[in-house]
Amino acid sequence: QVQLVESGGGLVQAGGSLRLSCGASGRSLSSYVMGWFRQAPGKEREFVAAVSWTTGRTYYADSVKGRFTISRDNAKNTVYLQMNSLRPEDTAVYYCAANPRGSVYLDYNYWGQGTQVTVSS
């Protein structure tokens, strides 16, 4: 089992920045892919970004490329999502997730409780 706890959400004006953190515990994340997803009211959950725990390779949705950066700190077992140039359409609940099978977009087994990000215009 992997337990995930997100933090760092909040209210920010358009153009501002936030950094989300996701602390993981329970087992080694070696071979895992760690991802961030988001769900806006009335919409389906969507992929935002992911990082391979072992290689550090990163993946992004087109809508956040160039604005968001995912990173991980192996020593702290923590994944970060740095969000810059935020837009009102980025408003959503953001979820951290862990995938032991290595796929980037599907089959995530473990999920955090979510953290609200609200971007005002």
Between [X] and [Y], is there shared hydrophobic-cluster membership here, with clusters defined by ILVMFWY side-chain heavy atoms closer than 4.5 Å?
X   : Y    : result
V79 : L4   : yes
I70 : L86  : yes
V12 : F68  : yes
Y95 : V119 : no
Y60 : L18  : yes

Output yes when D62 and K65 qualify as a salt bridge under the 4.0 Å nitrogen-oxygen rule, no when they do not.
-> yes
Take the angle between the ring planes of Y59 and Y105 and call it parallel below 30°, perpendicular above 60°, tilted in between.
-> perpendicular
Straight-line distance of [X] [atom1] to [Y] [atom2], nearest 0.5 Å:
X   : Y    : atom1 : atom2 : value
R38 : Q116 : CZ    : CD    : 12.0 Å
S85 : R67  : OG    : CZ    : 7.0 Å
S63 : E46  : OG    : CD    : 5.5 Å
W36 : M83  : CH2   : CE    : 8.0 Å
T69 : N84  : OG1   : CG    : 6.5 Å

Do we see a donor-acceptor contact under 3.5 Å between the side chains of [X] and [Y]?
X   : Y   : value
Y80 : R19 : no
T78 : D73 : no
R72 : N77 : no

Contacts table for residues 21-29: side-chain donor-acceptor under 3.5 angstrom, sequence neighbours left out:
unit_1, atom_1, unit_2, atom_2, d
S28, OG, S30, N, 3.2

CZ/R101: more than 12 non-hydrogen atoms of other groups inside 6.0 Å | yes
[X] versus [Y]: any side-chain heavy-atom pair under 4.5 Å?
X    : Y    : value
Q82  : S71  : no
V48  : L81  : yes
Y94  : E6   : no
P100 : N109 : yes
Y32  : T54  : no

Output, in order, the C-alpha distance, side-chain angles, deciding distance and verdict of side-chain contact (heavy atoms from CB on, under 4.5 Å) for T91 and V117.
-> CA-CA 5 Å; T91 295; V117 171; 5.9 Å; no
Closest heavy-atom pair, K43 versus Q39, reported as atoms and distance to 0.1 Å, is O-NE2, 3.1 Å
What residues form a ring pair (Phe, Tyr, Trp, His ring centres under 6.0 Å) with F37, not counting sequence neighbours?
-> F47, Y108, W111
